[in-house]
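Heads up: the structure comes next, in structure tokens.
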Amino acid sequence: MQLNRFEARRNPMAETYKPHDIEEKWQLHWEQSHAYKASEIPGKKKYYLLEMFPYPSGRIHMGHVRNYSIGDVIARYKMMQGYNVLHPMGWDAFGMPAENAALERGIHPAKWTYENIASMKAQLKRMGFSYDWDREVATCDVLYYKWEQWLFLRMYEKGLVYKKKSFVNWCERCQTVLANEQVEGGSCWRCGSEVTQKELDQWFFKITRYAQELLDYCDKLTGWPERVIAMQKNWIGKSVGAEIDFPLEGREQAITVFTTRPDTLFGATFMSLAPENPLAVELSRGTAQAQVVQNFVEKVSKQDKIIRSAEDLEKEGVFTGAYCINPVTRRRMPIYVANFVLMEYGTGAVMAVPTHDQRDFEFAQKYGMERIVVIQPEGERIDPEEMSQAYLGEGIMINSEPFNGMHNMKAMVAITDYLENTGRGRRAVNYRLKDWGISRQRYWGNPIPIISCESCGTVPVPDDELPVILPHEVEIKELGGSPLKSCPAFVNTPCPRCGRAALRETDTMDTFVESSWYFARYACPGHDSSPLDSTKVDYWMPVDQYVGGIEHAVLHLLYARFFTKVLRDMNLIRVDEPFSNLLTQGMVCKETLRCEAHGWLYPEEASQGICKRCNRPVTVGRIEKMSKTTKNIVDPQTLIDQYGADTARLFCLFASPPEKDLDWSEQGVEGAFRFLNRVWRMTIDHLDLLKPVKPFSGTSVPDGSLRKLRFKTHTTIKKVTSDIEDRFHFNTAISAIMELVNALYQFDLSTARDRVTLSVIKEAIETVIVLLSPMVPHMAEELWERLGNQESIFKILWPAYDAAAIAEEEMVIVVQVNGKLRSSIVAPIDASEEEIKKRALADDKLKKWVEGAEIKKVIVVPGKLVNVVVK
Ligand SMILES: [Zn+2]
Ligand SMILES: [Zn+2]
Ligand SMILES: [Zn+2]
């Protein structure tokens, strides 16, 4: 590549690329001209691009830079395709870290949060993202959470909200309830301490009412990654089977179990209860087993549920002292409490069939329970005494009169029919999905709008008393549950029904509630007569493209889908699903550094493999997700200060495709900066020549090297467009643009004078700038303006390629020997130098001329000639 032909001659006075000046100039311009303000334009096709909004921690990190750069390219690209684009930004502003900051530093959570919002907003603006800041939403703003309280009350009226006593995951350190998904390997996702079980009155959203619809619609989400759909389906976890009632011996009650294997009912020899099942303690009460059961329940309930459901778990249990009756065999079945049974599955009770379920087999073996085979593989006989594991396959029913001899798959249906006909059971569907516990015993959240009165019970706050304002003057304590409890001005309130003294609910809502409908609120952020302005919401929803981390593949997305369906059923929104397309970007990773004396080191704490503090050698660990814990982080601000926002953006987009992890590389950043400098010089150094000419727009294609350049220009448009359009593969799109820049550098622009040549060059240079503009908007705007264009580059339409220019064509290339014309060859218009050289040397005529001579050099002038120098 002849990279430096005119760079070498560059005028030392020529203007250098100054990213900070340019970027600040254009950011101000965009802000003052309200360039990205979105409004509803009836009839114009809309495009709603949304990135998952951040928690206002105080500073943006590289993950944000990557996520939002990806989103910004899509937003700007769609703008240039003529869409009416909505690209909002806001803050998921309630949550624990604000309270921790209050504890650690004595700052009020509100002050901490709003200061963080201000500094992060400044950073996002400095990145040049095309947000419509007029639509900014912070979920801790009264205007937002007021309407969430209103939605809570409507859901309460529809029976979608209820309160029940339940065991919850409890983090002692955070003094808070955790959702199952916030428990990671038995530890709190926030602070890492051990999670225990605690029984509390909790508010729940009845998401299970929508379980089937949430499942059905999974198959309609064709714009979502298959992996995410699989995770959603698995989380909903539908299984089909039967509910069977097992009468308790000596009581009126029965234990109901859910099973997917009603065909094995005749082999059920005992019953296993989850330790969390209230029956466990109740049945043992007054028996000799009472204390044993109590101790066992306490021990197991502290254990991690993920470990408890693992196949290789050592099965353990204790007898409750009680029995139930198998409804078909009338066998007396001892009732056990077992560590592997979870309350979350089915009814928290399992009919144990040791011969046909491996976990029951292991348990029965340990505690010496009876084994009865009820399914025999065809042509074999299993001896229950000789079994070394459960038989899980299909076969023929035995020991199951009147179903003996039947295939077990048929028996599944027949036995369920029999149970239904005799009133001992019924067909049933079970979902793994449980109702969503939303109570949090925290301060910095949305107050639940409920009052409890001694005479009236649970009373919803009347609409005209909304919002229930989160009080400012509250003492935030490390321990002791909800801080709101110790705020009498908040807690004490007259009952809205009877007027007597009553108490406000002091739980606040899970912050996942706020993120379940913010995307709809962006359509009408200031609306204050209802949560959503239907006209505007109907115009913008659904979100056409949602971009965010895979860590939200289950919860946030499921809750947002649930809320959308609830809002639809309240006639507040018309769509069934919130997000048509979903892109889950990979993580930003970097190697870790560790000093034996100082532990994890920040990159700047080491220099050339040595710890700056102690001069010991640094151990370089593997490349992993950037994290504050392992200190393998790069502050985007440093990057912006040093290279500018465009370089930071380009690096993130170029280093890997969006769905893959991105490995941090200093060289990658420098490479991105160098490339932008090349584009800058290529344009700025030839402004005098280029500015007066119009880009080539003729139909008669020029010959030779100009034709080749046009071919390159238009194949680049085609490639970049399809890379962005089809898969958001910005990295390969940028590669293609780099090749076009290389092709341009092969032209000696400084000597080009004729109008056609200049116009073809200008077309190519403008193409580079336009194709790069969604990725590096500041530089693109600047160069576009310098080339004499009046309007913002984002007002022009994305170029379409010229089909005639990219038709694969061949060209004639002259072949010389020592500068004298000796032959000619034909080569494709885009043939590489190597290819042309190969074809020339293979030419028969040429071979005659060089026979017996020593070839010293082969010079290829692309698109024109080959000169073979011989001795
Ligand atoms: Zn914790
Ligand atoms: Zn009352
Ligand atoms: Zn050290």
Side-chain angles (χ1 to χ4, degrees), residues 55 57 94-104 109 153 156 163 168-198 200 302 304-306 437 439-445 449-462 465 468 476-483 491-505 508 510-512 591-621 628-632:
Y55 177 79
S57 56
F94 275 136
M96 273 299 294
E99 275 178 71
N100 290 338
L103 286 170
E104 285 159 21
L153 293 170
Y156 182 81
K163 189 158 102 172
V168 293
N169 301 305
W170 178 257
C171 174
E172 191 59 33
R173 179 152 172 221
C174 298
Q175 284 289 301
T176 194
V177 175
L178 301 169
N180 285 341
E181 30 299 318
Q182 293 171 325
V183 180
E184 293 169 349
S187 303
C188 169
W189 71 310
R190 290 199 192 91
C191 72
S193 25
E194 191 199 5
V195 173
T196 56
Q197 298 298 307
K198 186 170 178 172
L200 282 178
K302 288 199 181 94
D304 178 20
K305 286 186 186 140
I306 296 157
S439 280
R440 297 292 178 269
Q441 289 68 44
R442 300 304 324 173
Y443 164 65
W444 193 235
I450 293 285
I451 290 164
S452 57
C453 166
E454 266 184 25
S455 354
C456 311
T458 299
V459 183
V461 172
E465 288 179 24
V468 175
I476 293 159
K477 296 168 296 182
E478 185 98 53
L479 297 167
S482 172
V491 176
N492 300 314
T493 184
C495 168
R497 270 191 205 144
C498 69
R500 271 177 240 153
L503 301 172
R504 269 190 207 288
E505 172 63 62
T508 52
D510 181 3
T511 57
F512 273 111
E591 80 277 346
T592 55
L593 302 177
R594 213 179 154 85
C595 161
E596 59 177 74
H598 295 106
W600 300 114
L601 300 180
Y602 287 109
E604 56 275 16
E605 290 177 317
S607 166
Q608 303 190 327
I610 299 290
C611 172
K612 283 186 185 168
R613 281 151 79 190
C614 65
N615 288 327
R616 283 189 180 85
V618 164
T619 313
V620 179
K628 276 186 192 161
T629 319
T630 45
K631 298 189 175 176
N632 56 335

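For ligands, and for the atoms within them, numbers begin at 1 and follow the listed sequence.
With rounding to the nearest 0.5 angstrom, the CZ atom of R440 is 7.5 Å from the OG1 atom of T511. A distance of 7.5 Å separates CD of E596 from SG of C614, quoted to the nearest 0.5 Å. Atom CG of N492 is separated from atom CG of L503 by 6.0 Å, given to the nearest 0.5 angstrom. Going from atom CD of E604 over to atom CG of L593 covers 10.0 Å, rounded to the nearest 0.5 Å. Atom OG of S607 is separated from atom NZ of K612 by 5.5 Å, given to the nearest 0.5 angstrom. A distance of 16.0 Å separates CZ in F94 from CZ in F512, rounded to the nearest 0.5 Å.
Here the closest heavy-atom approach between residue L200 and residue W170 is recorded as CD1-CZ3, 4.2 Å. When every heavy atom of C595 is checked against every heavy atom of L601, the shortest pair comes out as CB-CD1, 3.8 Å. Pairing each heavy atom of V620 with each of E591, the nearest pair is CG1-CG, 3.5 Å.
Excluding waters, the set of protein N, O or S atoms lying under 2.8 Å from the Zn ion (ligand 3) comprises C595 SG, H598 ND1, C611 SG, C614 SG. Excluding waters, the protein N/O/S atoms found under 2.8 Å from the Zn ion (ligand 1) are C171 SG, C174 SG, C188 SG, C191 SG. Within the protein, the N, O or S atoms sitting under 2.8 Å from the Zn ion (ligand 2) are C453 SG, C456 SG, C495 SG, C498 SG.
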* Asked: Hey, mind stepping through H598 and E605 against side-chain contact (heavy atoms from CB on, under 4.5 Å) and telling me if it holds?
  -> CA-CA 10 Å; H598 295 106; E605 290 177 317; over 6 Å; no

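Listed for the E172 side chain is no donor-acceptor partner under 3.5 Å among the backbone atoms of T196. Judged by distance alone, with hydrogens and angles left aside, the side-chain atoms of T592 form no donor-acceptor pair with the main-chain N or O of N632 at under 3.5 Å.
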Under 3.5 Å, which donor-acceptor pairs do the side chains of residues 450-462 form with other protein atoms, sequence neighbours left out?
unit_1	atom_1	unit_2	atom_2	d
S455	OG	R500	NH1	2.6

